[in-house]
Amino acid sequence: MTPAAPHPAPAIVCCGEGMLELSRGGDGQWALGTGGDTLNIAIHLARAGHSTAYLTALGSDTFSDQLLAQWAGEGLDTRLVLRDPARMPGLYAISTDEAGERSFAYWRDASAARAMFAQAGSAEACASAAQAPLLVFSLISLAILPDAGREALLALASAVRANGGRVAFDGNYRARLWPDAETARNWRDRAIAVADIGLPTLEDETALGAAPDSTAIAAHWQALGCGEVVVKLGANGCRLPDGTPCPPPQVLQPVDTSGAGDAFDAGYLGARLNGAGPAEAALAGHALAGWVVMRPGAIPAR
């Protein structure tokens with residue numbers, strides 16, 4: 001689907017893969033929803049009243065139609081959602097243990113989002129996205145793409161900055177999506193270099209070979225050109241750009257931790273767009289993440 005005629009650019013464009021999500025409720029039954037790291041961020045931002053578009057690709061099947069309608073119902077601008085005539089959306093299932101920690105099973109190898117930059121209309125979609133004041137993407141956004149798509153996404157990030165916008169990058173690392181850690185580190189570092197706001201996670205950075213030191217992680221990101229770096233520390237909160245620790249306001253017993261980091265990103269970025277400083281924005285991120293982990297699924301119902 002080719003995007004409609006030009007409209008005012010949304011305040012935020014999030015780019016990545018939105019999938020079908022299977023999550024098990026308290027009754028033991030599986031429910032079908034939607035999720036994906038940057039999609040979760042986009043929906044939270046739209047719910048908070050920010051003009052937010054999602055750049056991705058879906059299929060031309062019934063499930064894709066339902067996802068598109070669901071995203072629009074959440075307030076997302078879907079004009080940048082491209083449609084693939086042959087592929088379908090990816091699917092994942094969440095399993096949680098007694099502590100609320102999650103594990104995932106994926107069926108996404110042939111998803112439409114993997115070919116988003118090869119779709120008809122992708123050039124027009126990117127031209128529109130390049131006008132946005134803020135672009136948000138992640139290492140998962142890069143992981144699902146072929147090299148040509150990765151280059152296209154980094155070029156889009158550079159175009160946003162050239163047009164006076166800002167770029168936020170989350171270093172979400174899923175080892176199964178990469179051939180090896182070295183390849184992931186290379187693309188992560190290239191993405192850091194075109195980002196203004198960095199949102200790495202201590203656990204992911206350690207898995208990629210970094211020392212478990214939030215100060216050293218922040219220094220690495222800043223040395224590559226990303227000036228505002230918030231290192232997420234899981235249950236311990238985060239490290240602010242100035243090095244100050246920012247713990248969550250209360251200790252929770254999570255029901256489901258899936259989507260917690262995405263919710264933090266949305267709360268932080270939304271608060272920053274509203275004029276808050278990093279410390280206040282981090283507390284907003286903690287609040288939204290805390291709300292999410294006390295409910296099943298990456299995007300609990302409002």
Side-chain angles (χ1 to χ4, degrees), residues 11-17 36-42 44-45 50 52-56 113 116-117 126 129-130 132-145 147 149-174 177-178 181 183-208 210 214 217-233 238-241 259-273 278 281-282 285:
I12 308 164
V13 171
C14 298
C15 180
E17 181 178 26
D37 65 339
T38 55
L39 175 67
N40 301 339
I41 296 169
H44 285 307
L45 287 167
H50 296 280
T52 307
Y54 198 53
L55 173 60
T56 191
M116 72 175 85
F117 290 103
C126 287
L134 177 65
L135 173 71
V136 182
F137 71 105
S138 74
L139 192 57
I140 293 177
S141 306
L142 290 169
I144 66 163
L145 296 170
D147 282 354
R150 294 168 183 166
E151 295 288 358
L153 180 49
L154 296 185
L156 172 59
S158 294
V160 169
R161 297 181 80 183
N163 289 330
R166 304 188 78 196
V167 175
F169 172 64
D170 186 309
N172 266 346
Y173 174 56
R174 299 291 180 268
L177 296 178
W178 294 96
T183 303
R185 285 194 298 269
N186 173 63
W187 287 101
R188 178 205 59 186
D189 286 354
R190 290 189 59 189
I192 293 170
V194 294
D196 302 281
I197 301 173
L199 296 159
T201 300
L202 178 65
E203 181 180 4
D204 290 339
E205 294 295 300
T206 302
L208 279 168
S214 62
I217 290 166
H220 176 78
W221 283 55
Q222 290 165 342
L224 289 171
C226 185
E228 182 176 329
V229 182
V230 179
V231 183
K232 292 177 284 183
L233 307 174
C238 67
R239 178 194 185 278
L240 296 175
D262 310 329
F264 176 89
D265 290 357
Y268 182 87
L269 294 171
R272 293 290 280 138
L273 286 170

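Please read these numbers as outputs of a predicted model, since none were measured by experiment.
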Measure the CD1-SG distance between Ile41 and Cys15 for me, rounded to the nearest 0.5 Å. 11.5 Å

Do Arg161 and Asp196 touch side chain to side chain, with heavy atoms closer than 4.5 Å? yes

Under the side-chain contact (heavy atoms from CB on, under 4.5 Å) rule, what do Leu156 and Val13 come out as? Steps first, then yes or no, please. CA-CA 11 Å; Leu156 172 59; Val13 171; 5.7 Å; no

When rounded to the nearest 0.5 angstrom, what distance separates CG in Leu55 from CZ in Phe137? 11.5 Å

If you look at every heavy atom in Ala266 and Leu45, which pair is closest and at what distance? O-CD2, 3.4 Å

In Å and rounded to the nearest 0.5 Å, what is the SG to CG distance from Cys226 to Leu199? 8.0 Å

State plainly whether the residues Lys232 and Glu205 are in salt-bridge range, i.e. N to O under 4.0 Å. no

Does Arg166 reach the main-chain N or O of Pro133 with its side chain, forming a donor-acceptor pair under 3.5 Å? no

Tell me, do Leu39 and Thr56 make a side-chain contact under 4.5 Å, heavy atoms counted? no

Any donor-acceptor N/O pair, Asn163 side chain to Gly165 backbone, under 3.5 Å: no

Taking all heavy atoms of Leu153 and all of Ser141, pick out the closest pair and write down the distance. CD2-CB, 3.9 Å

Looking only at side-chain N and O atoms, does Tyr54 offer a donor or acceptor that is under 3.5 Å from a partner on Thr38? yes

With no hydrogens and no angle check, do the side chains of Asp37 and Ser138 hold a donor and an acceptor under 3.5 Å apart? yes

Only counting residues at least two apart or in another chain, list the ones meeting salt bridge (Lys or Arg N to Asp or Glu O under 4.0 Å) with Arg185. none

Look up atom CG in Asn172 and atom CG in Asp204, then write down how far apart they are to the nearest 0.5 Å. 5.5 Å

Side-chain heavy-atom pair Val230, Pro241 within 4.5 angstrom cut-off: yes

Do Glu228 and Trp221 make a side-chain contact, defined as non-hydrogen atoms from C-beta onward lying under 4.5 Å apart? no

Close side-chain approach of Met116 and Leu145, heavy atoms under 4.5 Å: yes

For a 4.5 angstrom cut-off between non-hydrogen side-chain atoms, does Pro200 reach Phe169? no

Do the side chains of Asp189 and His220 get nearer than 4.5 Å, heavy atoms only? yes

Please step through side-chain contact (heavy atoms from CB on, under 4.5 Å) for the pair Tyr173 and Thr201, ending with a clear verdict. CA-CA 9 Å; Tyr173 174 56; Thr201 300; over 6 Å; no

With sequence neighbours left out, the residues meeting salt bridge (Lys or Arg N to Asp or Glu O under 4.0 Å) with Arg239 are none

For Ile192, the option from Leu139, Val229, Leu224 that meets side-chain contact (heavy atoms from CB on, under 4.5 Å): Leu224

dist Thr183:OG1 -> Arg150:CZ (nearest 0.5 Å) comes out at 8.0 Å

Run the side-chain contact (heavy atoms from CB on, under 4.5 Å) test on Val160 and Val194 for me, step by step, so that the C-alpha distance in whole Å, both residues' side-chain angles and the decisive distance to 0.1 Å come before the verdict. CA-CA 10 Å; Val160 169; Val194 294; over 6 Å; no

Distance (rounded to the nearest 0.5 Å) between Phe264 CZ and Asn40 CG: 15.5 Å

Note, Arg190 side chain near Glu151 side chain (heavy atom, < 4.5 Å): yes

Should Leu273 and Ile12 be marked as a side-chain contact (heavy atoms from CB on, under 4.5 Å) after you check the CA-CA gap, both sets of side-chain angles, and the distance that decides it? CA-CA 10 Å; Leu273 286 170; Ile12 308 164; 3.3 Å; yes

